[in-house]
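Encoded as structure tokens, the structure appears first; notes follow it.
Order of appearance sets the numbers: ligands from 1, and atoms from 1 within every ligand. These numbers come from a predicted model, not from an experiment.
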Amino acid sequence: MARPVTEWVKVTDDVSIIARETGEVWFHTASATVDEPDPFAAPMTGAGTTGSTIHLLDGAINLGFAKIEQRLARPEPTLAGYVVALIGAYHTSVDTPRNLRRAAKRFEELGRPEVAAYLEVRAREETGHDRLALKDLRALGVPGERLVVSFVPEGIKPLCKRFDDLCAQDYPIGCIGYSYCLERIAALKQESDIEKVQALCPDGADATRFLRSHSCLGSEVSHVEETIEFVASLPANDRISVVQETYRSALIMAEGYNHELLKSEAQMLDELQQALGEPLPSLAGLSSSRGSRLEAVPAA
Ligand SMILES: [Fe+2]
Ligand SMILES: [Fe+2]
């Protein structure tokens, strides 16, 4: 009987993620001795499987978030926080199609039409998602178009920069790891998370278009599945790079989200009003702590 495929990727100086196609996954700390050399010291070279690839990618996200688990902010959700999150969602979406097409063009030049074709499809799928966030802001009575021009939430800036940089690289395979990280986390959001946000919004306001689309109810689930299958089909060195970037993106995302979530409601309102140059009357009196903590702000 054939042995199950085992994949492994070194994500830090001394930690590797090991995953089997049968679903086992663990973190391995390098521990070579003269008698027992480390079996995972050399990079993997074999073919991937979807069963092992999903665990490598999700292991990378878990490891990235584990770094800040102890100090992860867990505030009650507020409408001001949701407005900031929507502005962040706009910024992480607005350049995605252009960036992905840039990376696709590079893979075309490199003689990798299959990677280019995958990225082109992703660019089409992501088109218009920035407008969902703007519509949600409008539904809340917030002048989103004006706000996004002058305001990028501080914790979101490093994420946007990371994606810009990855897509501009000579070999931009890492952009797949970044996208996976954002989409996988979005796909974890449940219907109950959306209901909690809806409960914060004014009665009758349809302000969760972006969130619905970037949750377990929307297209994010199929985007994640397609990416896992595609990554599993890549050569080993590409799979290694994608998993390593998924880990780095998770670190940046965890730090960035925490930075935003640690702000008080008054601080967030103040930032929004300063960016706009005038008060935000539609938020006055609506900011409350109804519901419980959101698992993550919208992104992707
Ligand atoms: Fe997506
Ligand atoms: Fe999206």
Side-chain angles (χ1 to χ4, degrees), residues 50 53-54 57-58 60-61 64 82-104 115-139 144-145 148 152-153 155-164 166-167 172-191 193-194 197 206-232 242 245-246 249-250 252-253 256-257 260 294-300:
T50 53
T53 297
I54 184 173
L57 291 167
D58 288 355
I61 293 175
Y82 184 51
V83 167
V84 172
L86 282 171
I87 294 169
Y90 168 86
H91 286 293
T92 55
S93 304
V94 66
D95 293 327
T96 301
R98 181 176 55 84
N99 271 331
L100 289 173
R101 287 201 173 94
R102 178 180 185 159
V115 184
Y118 164 82
L119 293 171
E120 285 287 351
V121 170
R122 307 314 320 282
R124 273 201 299 280
E125 287 173 342
E126 294 302 320
T127 300
H129 286 187
D130 54 319
R131 289 199 293 277
L132 295 178
L134 290 178
K135 281 183 183 173
D136 288 341
L137 287 165
R138 208 174 302 137
E145 277 90 350
V148 297
V152 185
I156 295 297
K157 284 180 188 171
L159 263 184
C160 296
K161 182 176 182 328
R162 185 70 189 165
F163 193 49
D164 289 349
L166 287 168
C167 292
I173 198 80
C175 71
I176 299 175
Y178 169 98
S179 298
Y180 181 83
C181 180
L182 264 68
E183 294 191 311
R184 178 67 168 126
I185 286 171
L188 290 173
K189 292 194 201 100
Q190 302 299 305
E191 196 167 1
D193 295 318
I194 298 164
V197 172
D206 182 10
T208 58
R209 294 172 182 86
F210 187 96
L211 193 52
R212 292 199 301 270
S213 162
H214 297 81
S215 74
C216 73
L217 304 181
S219 51
E220 222 60 323
V221 176
S222 61
H223 295 176
V224 165
E225 286 168 1
E226 287 158 17
T227 297
I228 292 164
E229 267 185 46
F230 181 71
V231 173
V242 169
E245 183 51 43
T246 302
S249 295
I252 296 170
M253 191 172 172
Y257 279 13
E260 291 304 318
L294 287 179
E295 288 305 314
V297 294

Does a side chain donor of either R122 or T227 reach within less than 3.5 Å of an acceptor in the other side chain? yes

Answer key: the N, O or S atom of E220 nearest to the Fe ion (ligand 1) is OE1

Which N, O or S atom of H129 lies nearest to the Fe ion (ligand 2), by name: ND1

Rounded to the nearest 10°, what angle sits at the Fe ion (ligand 1) between ND1 of H223 and OE2 of E126? 90°

Go through the steps to decide whether E183 and S179 satisfy the test side-chain hydrogen bond (donor to acceptor under 3.5 Å, both in side chains), and finish with yes or no. CA-CA 6 Å; E183 294 191 311; S179 298; 5.6 Å; no

Using a strict 4.0 Å threshold on nitrogen-to-oxygen distance, state whether R212 and D206 make a salt bridge. yes

Provide the atom name of the closest N, O or S atom of E183 relative to the Fe ion (ligand 1). OE2

Using distance alone, with no hydrogens and no angle criterion, decide if E226 and H223 have a side-chain donor and acceptor under 3.5 Å apart. no

